[in-house]
Structure formats: C-alpha cells, structure tokens
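Working notes, structure below.
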Amino acid sequence: MKKNIIANFKMNKTADEVKAFLIELIPAVKSANATVFVCPNFVALKSAEELAKNSPIIIGAQNISEFTSGSHTGEISPEMLSSVGVSTVIIGHSERRKQNKETDAGINKKILNALKNRFKIVFCFGETKIEKERNATEKVLKSQIETALSGLYENELKSIIFAYEPVWAIGTGENASIKQIEVAAGVIKKIIKELFSEKAANECEIVYGGSVSSQNAKKIFQINGISGALVGSASLDVSEFIKIINLA
Ligand code: PGA
C-alpha cells in the first residue's frame with residue numbers, strides 16, 4: 001500500500017510561500033512511492049490547488065465547519081472549500097482541541113458534514129502526557145474514536161485517514177517510540193473492529209504524527225499497521241519534507 005505523507009503547515013507560510021514550496025515539491029514527488037498531501041492555511045488554498053492540480057499532490061484544509069452556512073464568524077464551509085477544488089481536510093487536531101476548545105462531539109459533527117460533502121478526512125486523535133502516564137491511552141483513544149465516528153457507516157471509513165498523534169509528541173522533538181506507535185496502531189485496529197468489523201480494522205489507514213523528521217521517518221514507515229505520517233515542523237522545509245517522502 002502506498003504511504004500517506006501529510007504536511008500540516010499550521011499557521012505558517014503565506015500564500016506566496018506555499019506556492020514557492022510547491023514549485024520545488026511538485027517535480028520531486030513525480031516518482032514518489034507515496035500519496036503526498038499539503039495542508040496550508042485557508043487563504044493559500046486556491047493558488048495552491050491551481051498549482052498542484054496537474055500533479056499528484058493533494059491540497060487539504062486544516063479545518064471545516066460543522067454547519068452549511070450562516071452566522072459562524074471565522075468558520076469555513078464545505079462548499080467554500082469545494083469551490084476552490086479542495087476535498088481533503090484535517091479534523092480534530094490537538095491544537096484545535098486545546099486552543100479552540102473542540103470536543104469529540106463537535107469533531108463528530110464536522111466529520112459528518114465533511115463526509116456528506118464527499119471530503120477525505122485526516123482525523124487526528126491521541127492521548128496527552130498525563131493520560132499516558134496514567135496508562136489511560138487505550139481508554140482515551142477509544143472514547144475519542146467512538147464519539148468522533150458515531151453515526152458513520154462502515155463504508156465511509158475508506159474516506160478517513162486515522163492520524164494517531166500523541167499530544168506529548170507534537171512539536172516537542174520527542175517522538176513516540178517504535179514500540180509505542182506499534183502498540184497504539186494495534187489498539188486503534190481493535191477499537192475499529194469493535195465499533196465496525198474485522199474487515200474495517202484490517203483496511204483502515206493509520207498514520208503517525210508527532211515530531212516526525214527525516215531522522216526517524218524510515219523506522220516509522222516500517223511499523224506494522226502504520227501507513228504514513230502527518231508531519232508538522234519538518235514539513236516546513238521543502239528539502240527536509242522531500243527527504244521524508246523519499247523514505248516512504
Ligand atoms: P510536529 O507536528 O511534526 O511538529 O510534531 C505534527 C502535527 O501537529 O501534526
């Protein structure tokens with residue numbers, strides 16, 4: 001299976017900087033053995049999509065509203081994203097959970113709205129340091145996944161990339177160990193099996209995120225049950241990001 005390598009630029013890079021990044025990235029991914037996603041800020045999406053349209057790179061957004069339209073200042077609707085050719089979105093990132101008070105129930109509404117509008121979803125979840133120290137990882141993942149995927153049909157899971165992102169590993173330089181990631185992938189598959197079926201568990205795509213770099217990507221890509229990475233800081237530098245893609 002081709003690996004999914006997803007760049008999450010967060011609140012970095014202007015539209016022009018995203019364009020410059022893509023101009024370097026596009027020729028480098030022509031022969032890549034990976035599906036490459038680039039998720040810049042909203043105002044960069046249109047020009048990024050125009051540039052990437054005839055390349056294998058998929059442009060994604062970092063958020064989507066649970067609503068269709070109306071009085072939701074600062075939010076963005078599925079229709080608005082679709083109008084610039086974007087049909088992939090990151091939902092449930094831990095920074096939005098923390099800084100924007102997003103809840104599992106709210107994330108569920110966003111996922112349902114995105115699916116209704118035929119989006120591909122990069123669904124992020126993961127335990128905090130305290131939860132890890134309390135050995136509560138499995139319980140936390142179960143409740144996050146169960147609530148966020150509530151009301152979904154099994155056949156909709158093919159539109160979801162599960163991004164396991166332990167909060168303590170994001171932006172800290174402290175990536176989870178190979179063992180921890182492997183165990184988590186097993187736990188995620190077990191949860192999906194319980195909620196849906198064994199087939200769904202076998203087929204689901206799980207990526208890891210949290211301090212992925214060209215130094216650790218190779219080992220991460222070899223982990224049983226892991227089909228790629230969500231890359232934050234290390235995606236901002238195009239040559240570093242290309243190195244990671246080439247390790248897939
Ligand atoms: P990081 O971010 O690679 O900088 O740890 C990952 C993410 O937040 O998606």
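Order of appearance sets the numbers: ligands from 1, and atoms from 1 within every ligand. Just so it is clear, the model here is predicted, and its values are computed rather than measured.
Screening residues 111-123 for side-chain hydrogen bond (donor to acceptor under 3.5 Å, both in side chains) gives Asn113-Asn117 as the qualifying pairs, with residues at least two apart or on separate chains. Note on residues 79-100: pairs passing salt bridge (Lys or Arg N to Asp or Glu O under 4.0 Å), not counting sequence neighbours, are Lys10-Glu95, Arg96-Glu102, Arg97-Asp104. Listed by first and then second residue, the side-chain hydrogen bond (donor to acceptor under 3.5 Å, both in side chains) pairs involving residues 54-65 are Asn63-Lys110 (not counting sequence neighbours).
Ring-centre distance between Tyr153 and Phe196: not below the 6.0 Å cut-off.
With 3.5 Å as the limit, one finds a donor-acceptor pair spanning the side chains of Asp237 and Ser239. At a cut-off of 3.5 Å, with distance as the only test, a side-chain donor of Glu131 or Thr128 sits close to an acceptor on the other residue.
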Between ligand 1 and the protein, give all atom pairs where both partners are nitrogen or oxygen and the distance is under 3.5 Å, as lines of names plus distance to 0.1 Å.
residue  : atom  : partner : partner atom : Å
ligand 1 : 2 (O) : Lys10   : NZ           : 3.2
ligand 1 : 3 (O) : Gly232  : N            : 2.9
ligand 1 : 4 (O) : Ser233  : N            : 2.9
ligand 1 : 4 (O) : Ser233  : OG           : 2.4
ligand 1 : 5 (O) : Gly171  : N            : 2.6
ligand 1 : 5 (O) : Ser211  : N            : 2.7
ligand 1 : 8 (O) : Lys10   : NZ           : 2.7
ligand 1 : 8 (O) : His93   : NE2          : 2.6
ligand 1 : 9 (O) : His93   : NE2          : 3.2
ligand 1 : 9 (O) : Glu165  : OE1          : 3.4
ligand 1 : 9 (O) : Glu165  : OE2          : 2.8

